[in-house]
Structure formats: structure tokens, C-alpha cells
2 protein chains.
Amino acid sequence: MPTQTKQFSYWHPHPAVTTDIVIFTIREEKLQLLLIRRRNPPFQGGWALPGGFLNMDEDLADCAKRELEEETGIKNVYLEQLYTFGKHDRDPRERVISVAYYALIPSDRLTLQPASDATDAGWFAYDELPDLAFDHREIAEQAHERLVAKLDYSTIAFQFLPKQFTLSELQDVYETIRSEPMDKRNFRKWIVARNLIEATGNERRNGSHRPAQLFRTKRPGRVEIIR
Amino acid sequence: MPTQTKQFSYWHPHPAVTTDIVIFTIREEKLQLLLIRRRNPPFQGGWALPGGFLNMDEDLADCAKRELEEETGIKNVYLEQLYTFGKHDRDPRERVISVAYYALIPSDRLTLQPASDATDAGWFAYDELPDLAFDHREIAEQAHERLVAKLDYSTIAFQFLPKQFTLSELQDVYETIRSEPMDKRNFRKWIVARNLIEATGNERRNGSHRPAQLFRTKRPGRVEIIR
DNA sequence: CCAAAAGTGTTGTTTATACACCCATGT
DNA sequence: ACATGGGTGTATAAACAACACTTTTGG
């Protein structure tokens with residue numbers, strides 16, 4: 001291997017391109033994100049965002065989807081490009097441009113398939129993150145900022161919930177991500193006025209209290225700009 | 001040259017990385033953007049966004065700034081990362097990832113220094129763009145979308161104006177970009193309530209009519225999120 | 001005195017906020 | 001019967017939208 005010639009040659013220098021993914025979910029009443037332990041230097045043994053190198057025949061978003069599936073076994077979740085991080089010294093090995101994405105995992109799809117390469121992975125509360133490799137903390141913070149902002153003006157919150165959900169569960173999503181309580185009556189008036197959800201007719205009986213109506217989004221799968 | 005060996009070799013294939021820049025200004029009552037004519041294939045002779053390859057020792061934003069200065073001679077204007085375009089077939093020559101930026105040029109800094117390489121360049125009204133090379137139309141449209149959105153919730157509009165400006169000029173920026181008229185009294189109430197500008201004490205006498213007060217932004221240079 | 005752009009208030013409507021009690025259920 | 005979370009209305013304040021005339025200047 002070391003004596004073999006490098007096969008890929010160019011007239012001008014090229015940087016490496018990776019995608020890194022900030023994978024959010026809500027677990028145990030907290031906003032959490034998925035980290036994997038690095039098996040190789042640099043930052044060997046440290047925590048990092050899942051991600052990897054772009055293949056030459058795949059679109060950027062497909063690369064992010066592939067990495068997401070490889071690390072978690074999860075497909076078909078909301079995935080959005082966040083920002084591209086390209087400081088010249090962000091990776092000590094070579095010049096690496098990272099196109100960051102973020103993904104939202106509904107709370108009923110949390111059973112992660114351990115990654116094929118047996119790397120260990122874990123969920124971490126967003127406000128108790130360990131040290132992260134590279135500039136991954138900056139990436140995570142920027143993703144969080146975007147998420148908080150999008151709660152206000154888009155239907156992104158539904159992506160954390162199963163197809164059917166109660167209004168209290170929906171309110172919990174908002175409160176958890178914003179870390180602040182909201183008034184129940186005002187929240188319900190607000191969401192109903194947006195005309196985004198409808199009652200399914202079903203109800204959920206949970207504990208020793210009145211059952212809750214179940215709702216669904218009128219346009220499932222789509223994240224729309226509201227307001 | 002063709003018989004010389006390619007100097008830059010890697011164990012894995014690497015894409016090329018470019019930055020492309022959507023340069024907006026307001027000229028002749030219209031939102032316009034700067035295009036350059038391509039001297040080489042593909043799309044030789046066609047119009048394209050200014051941009052170019054990333055150097056290995058420069059940050060992404062510095063690459064965009066450099067290209068901006070090379071094409072227009074303009075420095076120190078508002079520049080923001082837009083999105084990264086990475087479809088695998090977006091460039092017929094090789095795999096190219098384009099990190100797109102957009103820049104806003106104040107109306108008093110429009111005298112372009114012809115680019116050092118004598119490429120011809122020109123301003124085009126946004127709603128009368130010619131055919132563009134690669135996926136550059138998509139990039140331009142996405143930049144326009146972002147610009148329209150940011151008018152509402154940031155102080156980006158000031159970036160189109162000189163340090164001192166009248167309220168009518170400011171309103172014109174909003175109207176031109178949105179392509180719709182606004183009520184003068186409501187606009188003035190709104191902008192004053194935001195507490196972003198202050199009168200300079202100077203006034204401008206223009207034609208045969210009442211002179212207008214000149215204002216400045218309280219925090220020049222900074223684009224802030226408002227609302 | 002005329003043309004042209006600058007400047008200025010009021011009213012009605014919509015949207016946001018604050019706030020407390022009854023309801024249906026399981027144990 | 002009680003504990004638990006589900007569900008509901010009203011009053012006040014703030015933001016937004018519609019709308020027309022007077023002022024100052026140059027020619």
C-alpha cells in the first residue's frame with residue numbers, strides 16, 4: 001500500500017469533500033443528537049458528528065443520506081443542508097471541505113441499527129455535549145440555531161413526531177427545543193389557526209386521566225414555510 | 001504541458017471546489033446582477049456567475065472575496081454564503097462542488113474596475129437574465145429568494161445604500177427587490193419603530209421640490225436579525 | 001404659480017398575550 | 001375520591017393595514 005502509486009491525479013490541487021450530519025431527536029424530554037466515536041486519528045477515541053467522504057458519482061445530499069443510513073440504519077427522514085465549513089486548517093491531515101446537513105428523527109423511529117462497522121455511537125443531550133472533534137461543535141451549534149429559528153416560521157416541528165400525535169406532544173417539541181414553557185391555550189389557538197393539522201378521530205388513553213385526541217398533519221412529509 | 005505528469009495525486013478521488021458569487025446591486029431602478037462572459041468551454045461565450053477555484057491555503061469566504069475583487073475591483077461589501085451545489089453532473093468536465101455566495105453592492109460603488117483578465121462583464125436586470133452556464137440560473141434564483149426573505153427579518157437592505165440615504169431611497173430598495181409598492185406612511189412608521197437609523201442633520205436637495213432628510217444606520221456595516 | 005417629491009395621523013382589524021377552571025380517566 | 005394530564009374563553013395590548021392632504025423647493 002505505501003509503495004503503491006496514488007491513483008488519482010490532477011493538474012491542480014483538489015480538497016477532499018465530506019458531508020457531516022447533525023442528527024437531532026427528542027428523547028427523554030431532551031433535545032439530543034447522535035455522535036460517533038472516532039476509530040482513527042486525528043481525535044482518535046473522541047466524539048464526532050457522523051459523516052464521511054463524498055463519492056464521485058453521488059450528489060451531495062445522497063452522500064449525507066448514505067452516511068445517515070450507514071450510521072443509524074434510518075432512511076427517509078427530514079434532511080436539510082446547513083452550511084459549508086471550509087476553513088483551511090479545519091482538518092490537520094489535508095484540506096477538507098465539509099458540507100454540513102442536519103436531520104430530524106421522529107421519536108418513534110429511534111431504534112438505531114448499530115452501524116455496520118461496529119463503531120460505537122450514542123445519543124447526547126444537546127446541552128451536555130462532550131468535546132467534539134474538528135470544528136464539529138461549531139457545526140452543531142449552527143444547526144441548533146437554525147432549528148430554533150425554523151420552529152417559528154416553518155412546520156419543521158412535525159418531523160420529530162410520529163404520524164399521529166397529541167397537541168401536548170407537539171407543544172413539548174416546541175418547549176424542549178426552545179427550553180421555555182408556553183401557554184397551553186395560546187399554543188393551541190396558534191397551531192389551530194395555522195390550519196396545518198386535523199383530528200384523526202382517534203384518541204390515545206395513556207395514564208389515569210382523560211384521553212387525548214390524536215392529530216395528523218394535513219400535508220405529511222412536507223416542511224413548509226408558514227406565517 | 002500535456003506530456004508533463006499531473007502533480008497533485010491522492011489515494012481517493014477528490015472533486016474540484018469552486019465558489020460562485022451572485023453579485024446584486026440596484027441600478028436604474030432595478031435589481032441587477034453581474035455576469036461575466038466565459039472565455040473557455042464549456043459554455044464558451046455564454047454568460048455565467050463570477051467565480052473560480054479554491055486555493056488550498058485560503059478559506060472559502062476568502063476565495064469568494066478574492067473572486068469578487070478580481071472581477072469587479074470591489075472590496076469590503078456584504079458577502080454571505082448561500083448554499084452548496086453538488087449535483088454529480090453539474091459540470092461536464094469533472095466533478096465540481098460549488099459553494100455559492102452572494103454579495104450586495106451599494107449604489108454609490110458601482111464603478112467596476114474591468115477585470116484584470118479583460119473578460120467582459122455586465123450588469124443584467126434580474127428579471128431579464130440571459131441563459132446562464134451550468135446550474136447558475138438555479139443559483140441566482142436561490143440567492144434572490146434569500147434576499148427577498150432577508151429583507152423582512154434583517155437589516156440587509158442598508159447594504160444597497162451609501163452611508164447616508166433618504167427614507168425614500170430606502171423604501172425604493174424594498175420596493176425594487178419585492179417588486180411591489182409600499183405605503184409611504186406605514187413604511188416610515190415601521191422603520192422608525194425598529195430604531196435602526198438616525199437623522200444625520202444633513203439634507204439633500206435634489207430637484208425642484210422639498211429637500212429630504214439624510215439618515216444613517218446606527219450600527220453601520222452590521223447586518224442584524226430584526227423582528 | 002406650478003410641478004415634484006417630502007413629510008405627516010387616525011381609525012379599524014388582526015394578532016399576540018395573560019390568565020384559571022372543569023373534564024375524563026385509571027387506580 | 002383523588003391524582004393526572006386534556007381541554008376550553010375572555011379581555012387587553014400590540015402590530016399592522018388602509019387611506020389623503022400639506023410642505024418645501026426650483027424653475
Side-chain angles (χ1 to χ4, degrees), chain A residues 26 28-29 107 148-149 151-155 157 161-162 164-176 178-216 224-227, chain B residues 26 28-29 107 148-149 151-155 157 161-162 164-176 178-216 224-227:
Chain A
I26 293 179
E28 300 165 354
E29 322 268 83
S107 52
V148 170
L151 272 193
D152 279 338
Y153 67 87
S154 83
T155 59
L161 293 174
Q164 296 193 99
F165 51 86
T166 69
L167 294 183
S168 295
E169 287 169 338
L170 183 57
Q171 186 174 341
D172 284 343
V173 171
Y174 281 84
E175 291 182 336
T176 302
R178 293 205 181 123
S179 319
E180 60 184 27
M182 302 176 75
D183 179 83
K184 191 170 23 163
R185 283 170 293 190
N186 290 340
F187 177 76
R188 285 166 189 235
K189 263 179 294 181
W190 178 80
I191 196 72
V192 166
R194 293 291 161 284
N195 196 29
L196 301 166
I197 58 174
E198 59 196 1
T200 61
N202 306 325
E203 49 183 33
R204 169 180 303 155
R205 34 195 81 219
N206 225 350
S208 54
H209 55 82
R210 181 170 174 178
Q213 283 189 86
L214 287 168
F215 290 80
R216 71 168 81 88
E224 300 169 76
I225 305 302
I226 55 180
R227 164 162 309 189
Chain B
I26 293 179
E28 300 164 357
E29 321 268 85
S107 53
V148 170
L151 271 194
D152 279 337
Y153 67 85
S154 82
T155 59
L161 293 174
Q164 295 194 104
F165 51 85
T166 69
L167 293 182
S168 297
E169 287 168 339
L170 183 57
Q171 185 174 343
D172 284 342
V173 171
Y174 281 84
E175 292 181 335
T176 302
R178 295 206 179 120
S179 319
E180 60 185 26
M182 302 176 74
D183 179 83
K184 190 170 25 163
R185 282 170 291 188
N186 290 341
F187 177 78
R188 285 166 189 236
K189 263 178 293 179
W190 178 80
I191 197 70
V192 166
R194 293 289 160 288
N195 196 30
L196 301 166
I197 58 175
E198 58 194 4
T200 61
N202 306 326
E203 50 182 33
R204 168 180 305 156
R205 34 197 81 218
N206 225 350
S208 55
H209 54 81
R210 181 169 173 178
Q213 283 189 85
L214 287 167
F215 291 80
R216 70 168 83 89
E224 299 170 77
I225 305 300
I226 54 179
R227 164 159 307 190

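Note: hydrogens, waters and symmetry copies are ignored here, and every other heavy atom, side chains too, is used. Just so it is clear: chains get the letters A, B, ... in the order the sequence lines come, proteins before strands, and each one is counted from 1.
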Check: Taking atom P of C:dA6 as reference, at what distance in whole Å does atom CG of B:L170 sit?
Finding: 12 Å
Margin query: Output the rounded distance in Å from CD (B:E29) to C1' (C:dA5).
Written below: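 The distance from CD of B:E29 to C1' of C:dA5 comes to 13 Å, rounded to the nearest Å.
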Check: Counting any heavy atom closer than 4.0 Å, what does A:S168 reach on the DNA or RNA strands: base, sugar-phosphate only, or nothing?
Finding: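 Answer is sugar-phosphate: A:S168 comes under 4.0 Å of backbone atoms only.
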Notebook entry, point to check: Phosphate oxygens OP1/OP2 of C:dG7: is one of them under 4.0 Å from a side-chain N or O of B:Q213?
Noted result: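 Yes.
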Note to self: Enumerate the salt bridge (Lys or Arg N to Asp or Glu O under 4.0 Å) contacts for residues 189-198 of chain A, please, sequence neighbours excluded, ordered by first and then second residue.
What the structure shows: A:E198-A:R216
Check: What residue pairs, at least two apart or across chains, pass ring pair (Phe, Tyr, Trp, His ring centres under 6.0 Å) with a residue in residues 185-205 of chain B?
Finding: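 As it turns out, the ring pair (Phe, Tyr, Trp, His ring centres under 6.0 Å) pairs with a partner in residues 185-205 of chain B, which skip direct neighbours, are B:Y174-B:F187, B:Y174-B:W190.
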Notebook entry, point to check: Is there a side-chain contact between A:R178 and A:D152, using heavy atoms and a 4.5 Å cut-off?
Noted result: yes
Notebook entry, point to check: Heavy atoms, side chains only, cut-off 4.5 Å: are B:Q171 and B:P181 in contact?
Noted result: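 No; the side chains remain at least 4.5 Å from each other.
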Note to self: Could you measure the distance from the CG atom of B:L167 to the CD1 atom of B:I191? Nearest 0.5 Å is fine.
What the structure shows: 8.0 Å
Notebook entry, point to check: If you take all heavy atoms of B:A212 and B:T166, which pair is closest and at what distance?
Noted result: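 Taking B:A212 first and B:T166 second, the nearest heavy atoms are CB-CG2, 3.6 Å.
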Item checked: Closest heavy-atom pair and its distance - A:E175, A:M182 -> OE2-N, 2.7 Å
Next item on the list: For DNA chain C, find the residues of residues 204-212 of chain B with a heavy-atom distance under 4.0 Å and give them by number; none if there aren't any.
Entry: B:S208, B:H209, B:R210, B:P211, B:A212
Checklist line | Within residues 182-203 of chain A, residues whose heavy atoms come under 4.0 Å of DNA chain C | finding: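 Those residues whose heavy atoms fall under 4.0 Å from DNA chain C, taken from residues 182-203 of chain A in numerical order, are A:D183, A:R185, A:N186, A:K189, A:R194.
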Check: Distance-only, no hydrogens or angles: does the B:E29 side chain make a donor-acceptor pair with backbone N or O of B:T176 under 3.5 Å?
Finding: no
Margin query: Looking at A:S107 and A:I26, would you say the former's side chain and the latter's main chain have a donor-acceptor pair under 3.5 Å?
Written below: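 Checking the backbone N and O of A:I26 against the side chain of A:S107, no donor-acceptor pair under 3.5 Å is found.
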Margin query: For a 4.0 angstrom threshold against heavy atoms of chain A, report the outermost contacting nucleotides of DNA chain D in 5' to 3' order.
Written below: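 Range of nucleotides within reach of chain A: D:dA3 to D:dT10.
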Next item on the list: Quick one: list whatever passes ring pair (Phe, Tyr, Trp, His ring centres under 6.0 Å) with A:F165, sequence neighbours left out.
Entry: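 For A:F165 the ring pair (Phe, Tyr, Trp, His ring centres under 6.0 Å) partners, ignoring immediate neighbours, are A:F158.
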